[in-house]
Amino acid sequence: MIKRIFKAVLFDLDGVLADSAMEHFKAWKKLADDLGIAFDIDINERLKGVSRMASLDILLEKASRSYTNAEKIQLADRKNGYYRTIIEQLSPDALLPGARDALLACRDMGLQTALASASRNAPTLIERLQISDLIDYIADAGAARHSKPAPDIFLMAAKGVSCDPQACLALDDAKAGVQSAKAAGCFVIGVGDRETLDEADAIIPNIAAFRPADYCR
Ligand code: BG6
Ligand code: MG
């Protein structure tokens with residue numbers, strides 16, 4: 001691995017630092033059950049990194065009728081209510097193994113840290129996980145004009161820590177997230193399997209395998 005000078009690390013949250021992909025799934029599944037729509041873990045894979053409304057559109061592909069925009073907003077709000085009820089009960093146990101150490105390793109190397117999550121619930125979640133003190137900036141998913149795979153959220157995160165995207169390492173577990181960070185110009189580490197995340201510059205199986213020193217000179 002050729003080492004470069006990096007100034008910041010931009011983290012996706014759900015599925016990278018937090019074990020919250022399953023909590024999103026549970027909330028979507030509850031909504032799907034309310035509506036009598038088939039929904040399983042395979043369909044959920046397509047929702048990773050995807051915004052709330054775009055996720056709802058995917059869930060509704062299997063619906064037997066169409067929904068108006070007003071109805072869709074209500075359904076997305078209902079899912080968000082389910083999700084918030086779940087995450088309000090989370091503790092630091094919901095951090096993925098190695099997540100806290102990864103953030104501490106960034107601190108030790110003098111790297112800035114930012115969140116580039118598509119989730120508008122990211123601020124609540126990092127409070128619950130008790131990692132707010134290890135994150136210098138949280139890009140506001142609600143302020144991004146275009147969601148992942150567009151580069152907006154990673155560009156906002158880089159700007160938030162006053163770094164060129166080219167000087168940022170980015171970590172994401174979703175195809176849309178890897179594409180977003182690539183489009184922003186970051187060096188992208190896919191967290192998961194090579195097949196899904198083939199556009200990443202490097203792959204690690206999980207956050208426990210992230211060593212910033214492997215990439216930074
Ligand atoms: C992403 C998740 O991080 O955030 C998606 O991978 C989720 O599954 C998206 O839909 C939006 O989250 P929220 O909390 O704003 O509904
Ligand atoms: Mg993710």
Side-chain angles (χ1 to χ4, degrees), residues 9-32 39-61 72-90 94-96 98-99 102 114-129 131 135 138-154 156-157 170-182 184 186 188-193 196-197 199-200 203-207 210:
V9 184
L10 314 179
F11 291 90
D12 175 46
L13 178 59
D14 296 316
V16 171
L17 294 175
D19 197 7
S20 41
M22 194 43 76
E23 324 305 328
H24 277 292
F25 171 68
K26 284 180 200 155
W28 283 122
K29 176 76 178 129
K30 191 159 159 60
L31 180 72
F39 185 72
D40 60 23
I41 203 87
D42 291 331
I43 302 173
N44 188 63
E45 199 53 37
R46 290 174 57 206
L47 310 189
K48 286 188 179 173
V50 174
S51 72
R52 196 179 305 162
M53 290 310 285
S55 297
L56 178 65
D57 282 334
I58 294 172
L59 181 143
L60 292 178
E61 282 172 7
K72 285 190 195 174
I73 289 167
Q74 279 185 358
L75 294 178
D77 283 350
R78 199 195 303 178
K79 180 267 173 179
N80 195 46
Y82 293 153
Y83 181 66
R84 288 196 65 90
T85 304
I86 296 171
I87 63 170
E88 269 151 23
Q89 288 153 23
L90 292 184
L95 275 172
L96 284 163
L115 273 194
S117 168
S119 175
R120 295 170 190 224
N121 292 298
T124 308
L125 189 51
I126 69 156
E127 286 288 329
R128 301 301 310 155
L129 299 171
I131 51 171
I135 293 173
I138 305 171
D140 177 3
R145 281 193 67 179
H146 306 286
S147 37
K148 298 175 182 180
D152 304 32
I153 196 79
F154 280 97
M156 289 161 64
L171 290 98
D172 207 296
D173 68 317
K175 191 173 183 63
V178 166
Q179 290 171 334
S180 167
K182 276 303 283 178
C186 305
V188 185
I189 304 171
V191 183
D193 68 279
T196 320
L197 308 174
E199 288 147 280
I203 300 278
I204 54 174
N206 49 51
I207 195 66
F210 177 54

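First listed ligand is number 1; within each ligand, the first listed atom is number 1.
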Fill in the blank from the handout: for atom 6 (O) of ligand 1, nearest protein heavy atom and its distance come out as G49 N, 2.8 Å
Problem - Closest approach of A99 to L95 (non-hydrogen atoms, all atoms of both residues) - result: CB-CD2, 4.0 Å
Problem - Short N/O/S contact of D12 with the Mg ion (ligand 2) (below 2.8 Å) - result: yes
Problem - the Mg ion (ligand 2) to D14: nearest N/O/S atom name - result: O
Practice task
With heavy atoms of N121 as the reference, note each atom of ligand 1 found under 4.0 Å away.
Solution key: 13 (P), 14 (O)
Handout entry: Numbered atoms and elements of ligand 1 in range of S55, under 4.0 angstrom, heavy atoms
Key = 10 (O)
Handout entry: Which atom of A122 lies closest to which atom of I138, heavy atoms considered
Key = CB-CG2, 4.4 Å
Exercise for the section: Have a look at D173 and say which of its N, O or S atoms is nearest the Mg ion (ligand 2). Expected result: OD1
Practice task
Compare every heavy atom of I207 with every heavy atom of V191, then report the nearest pair and how far apart it is.
Solution key: CG1-N, 3.9 Å
Exercise for the section: Identify, by atom number and element, the atoms of ligand 1 in contact range of L47, meaning under 4.0 Å from any of its heavy atoms. Expected result: 5 (C), 8 (O)
Practice task
Measure L13 to ligand 1 on non-hydrogen atoms and call it side chain, backbone, both or neither using the 4.0 Å cut-off.
Solution key: neither
Completion exercise
Checking heavy atoms under 4.0 Å, the part of S117 that sits near ligand 1 is side chain
Problem - Heavy-atom closest pair, residues A27 and I86 - result: N-CD1, 4.2 Å
Practice task
Compare every heavy atom of D14 with every heavy atom of D173, then report the nearest pair and how far apart it is.
Solution key: OD1-O, 3.1 Å
Practice task
Considering only non-hydrogen protein atoms, determine which one is nearest to atom 2 (C) of ligand 1 and report residue, atom name and distance to 0.1 Å.
Solution key: D14 OD2, 3.4 Å
Fill in the blank from the handout: among protein heavy atoms, the one nearest atom 11 (C) of ligand 1 is A118 O, 3.5 Å
Practice task
For atom 9 (C) of ligand 1, grab the closest protein heavy atom and report residue, atom and distance to one decimal in Å.
Solution key: V50 O, 3.2 Å
Problem - Selected option - heavy-atom contact closest to atom 15 (O) of ligand 1, from K79, R120, K48 - result: R120
Practice task
May I ask whether A141 has any heavy atom positioned less than 4.0 angstrom from an atom of ligand 1?
Solution key: no
Exercise for the section: Give the residue and atom name of whichever protein heavy atom lies nearest to atom 16 (O) of ligand 1, and the separation in Å to one decimal. Expected result: R52 NE, 2.7 Å
Exercise for the section: Search all heavy atoms of A157 against all heavy atoms of A114 and return the closest pair with its distance. Expected result: O-CB, 3.9 Å
Exercise for the section: Please check if the side chain of S117 supplies one atom and the backbone of D12 the other of a donor-acceptor pair under 3.5 Å. Expected result: no
Problem - H24-K48 side chain donor-acceptor pair, cut-off 3.5 Å - result: no
Problem - Side-chain donor or acceptor of T85 paired with backbone N/O of G81 under 3.5 Å - result: yes
Practice task
Could you verify whether a donor N or O on one side chain and an acceptor N or O on the other, from T196 and D193, lie under 3.5 Å apart?
Solution key: yes
